[in-house]
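Read through the structure below, which is laid out as structure tokens, and then see the notes.
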Amino acid sequence: MFILKRQDVEIVNIQHPKQEDRQIPILKYQDQTFRLINIYDAAQSEEAKNFWKDLTDNQGKFCILLQERKRHSVWERAQVDILQEEGKTGENAIAPAPYIQASLLLLQAVYFDLEELLGGRQAKVFQKEMTHALANQHIPQAETEEAIDRLIEVDPLQDDFEIPLWQEHHLTLFLEELYRLGKSFFGNANFARGIEEVLQDIGEKDRQEFIRWLGQSSLGQEWQV
């Protein structure tokens with residue numbers, strides 16, 4: 001339907017109906033509300049536009065393509081009460097920021113351990129394979145080598161870091177692929193043990209909530225404290 005700029009719209013968060021630390025982002029434009037469908041790195045502008053066009057032209061959906069300097073996002077029209085209802089089941093809800101930050105710290109720990117133990121060349125091979133895996137899984141803002149390079153090099157705990165707006169299923173896929181590739185490169189799963197040490201810079205409450213979330217998910221058999 002529309003291609004808009006950030007100044008054209010208002011983006012607000014709706015309180016998750018069950019979890020105090022979770023927000024559901026919605027976009028407001030001309031008295032209408034839209035839910036977040038997907039996010040792309042700025043370098044993926046054509047992919048974002050093609051996805052938006054497919055939704056609008058081929059699937060008949062009422063969508064907005066929001067173009068920003070560092071990323072593009074696609075939003076579908078939805079009523080606020082429906083968004084809140086989806087939040088009750090966890091669908092389309094953005095994962096808590098500390099969970100995403102913790103996952104990026106795990107990525108960095110795996111990469112730099114590989115670099116130290118196996119050398120820079122193998123670490124770069126790992127980065128390429130991780131990029132390919134995340135692209136296949138359609139993880140927003142993690143589908144190019146440049147995007148992965150930024151996620152490896154940046155401090156995810158810095159105040160000015162733009163945290164990827166991943167939904168929980170994106171986060172689960174991310175950690176599954178990281179575990180699979182890490183196990184393949186290291187030859188064992190020892191790298192995924194004792195992860196609390198890697199997460200020491202995250203606040204105690206956030207760290208324990210992330211570890212609890214891992215333990216309650218299918219990832220609990222892979223990533224362990």
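Numbers here simply count residues along the sequence, with the first being 1.
- The shortest distance between side-chain heavy atoms of Trp223 and Arg193 does not fall below 4.5 Å.
- In this structure, CG on Leu105 lies 11.5 Å from CG on Leu151, to the nearest 0.5 angstrom.
- Using a 4.5 Å cut-off on side-chain heavy atoms (C-beta onward), Leu104 and Phe161 make contact.
- A donor atom on one side chain and an acceptor atom on the other are not found under 3.5 Å apart for Gln44 and Gln141.
- Of all heavy-atom pairs spanning Asn38 and Pro140, the tightest one is OD1-CG, 3.1 Å.
- The shortest heavy-atom contact between Leu27 and Tyr29 is CD2-CB, 3.9 Å.
- The main-chain N or O of Val154 is found under 3.5 Å from a side-chain atom of Gln108 such that the two form a donor-acceptor pair.
- For Val198 against Ala109, the heavy-atom pair with the smallest separation is CG1-CB, 3.7 Å.
- Contact check for Ser73 versus Leu36: side-chain heavy atoms found under the 4.5 Å cut-off.
- Residues Arg212 and Gln216 form a side-chain contact, since some pair of their non-hydrogen atoms from C-beta on lies under 4.5 Å apart.
- More than 12 non-hydrogen atoms from other residues, nucleotides or ligands lie less than 6.0 angstrom from CD of Gln158.
- With sequence neighbours left out, Phe174 forms a ring-ring contact (aromatic ring centres under 6.0 Å, His included) with Trp166.
- Leu181 pairs in a side-chain contact (heavy atoms from CB on, under 4.5 Å) with only one of the listed residues (Met130, Glu176, Gln127), which is Met130.
- Between the OG1 atom of Thr131 and the CG atom of Leu134 there is a distance of 7.0 Å, given to the nearest 0.5 Å.
- The closest side-chain heavy-atom distance from Glu76 to Ile37 is below 4.5 Å.
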- prompt: Are Tyr99 and Leu214 close enough, and set up right, to give a side chain to side chain contact (heavy atoms under 4.5 Å, CB included), and what steps lead you there?
  reply: CA-CA 9 Å; Tyr99 293 13; Leu214 278 180; over 6 Å; no
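- Looking at Thr144 and Ile148, their side chains never come closer than 4.5 Å, going by heavy atoms from C-beta outward.
- For the side-chain contact (heavy atoms from CB on, under 4.5 Å) test with Leu65, the passing option among Tyr40, Trp52, Phe2 is Trp52; the others fail.
- Residue Glu196 comes nearest to Gln200 through the heavy atom pair O-NE2, 3.0 Å, listed as atom of the first residue, atom of the second, then distance.
- The backbone N or O of Gly120 lies less than 3.5 Å from no partner atom in the side chain of Glu115, so there is not a single donor-acceptor pair.
- No more than 12 heavy atoms of other residues, nucleotides or ligands shown are found within 6.0 angstrom of CD on Gln221.
- Among all heavy-atom pairs drawn from Ser103 and Leu178, the shortest one is O-CD2, 4.4 Å.
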task: Would you check, one step at a time, whether the test side chain to side chain contact (heavy atoms under 4.5 Å, CB included) holds for Lys124 with Tyr111?
output: CA-CA 9 Å; Lys124 287 301 181 184; Tyr111 178 87; 3.4 Å; yes
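- At least one donor-acceptor pair under 3.5 Å links the side chain of Asn50 to the backbone N or O of Glu46.
- Figure legend: cation-pi geometry between Arg77 and Phe34 absent, as NZ or CZ is not positioned both under 6.0 Å from the six-membered ring centre and within 45° of its axis.
- Taking the side chain as every heavy atom from C-beta outward, Leu114 and Phe191 never approach each other to under 4.5 Å.
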message: Quick one, Gln137 with Glu143, criterion side-chain hydrogen bond (donor to acceptor under 3.5 Å, both in side chains). Give me CA distance, side-chain angles, the key distance, then yes/no.
response: CA-CA 9 Å; Gln137 297 288 6; Glu143 298 179 281; over 6 Å; no
task: Might you work through the side chain to side chain contact (heavy atoms under 4.5 Å, CB included) test for Val74 and Ile64, ending with a clear yes or no?
output: CA-CA 6 Å; Val74 179; Ile64 279 176; over 6 Å; no
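- Between the CD atom of Glu209 and the CD1 atom of Ile211 there is a distance of 11.0 Å, given to the nearest 0.5 Å.
- Across all non-hydrogen atoms, the minimal contact from Val12 to Lys28 is CG2-CE, 3.9 Å.
- Taken from CZ in Arg6 to CD1 in Ile11, the straight-line distance is 4.0 Å, to the nearest 0.5 Å.
- Between Phe185 and Phe126, the ring planes are perpendicular. Angles over 60° get that label, and only those under 30° would be called parallel.
- A distance of 7.0 Å separates CD1 in Ile139 from NE2 in His169, rounded to the nearest 0.5 Å.
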message: Please determine whether side chain to side chain contact (heavy atoms under 4.5 Å, CB included) holds for the pair Asp41 and Arg71, giving the CA-CA distance in whole Å, both sets of side-chain angles, and the decisive distance to 0.1 Å.
response: CA-CA 5 Å; Asp41 187 81; Arg71 61 191 177 196; over 6 Å; no
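- Using a 4.5 Å cut-off on side-chain heavy atoms (C-beta onward), Leu106 and Leu175 make contact.
- A distance of 6.5 Å separates CD1 in Ile163 from CD1 in Ile100, rounded to the nearest 0.5 Å.
- A side-chain donor-acceptor contact under 3.5 Å links Asp8 to the backbone of Lys5.
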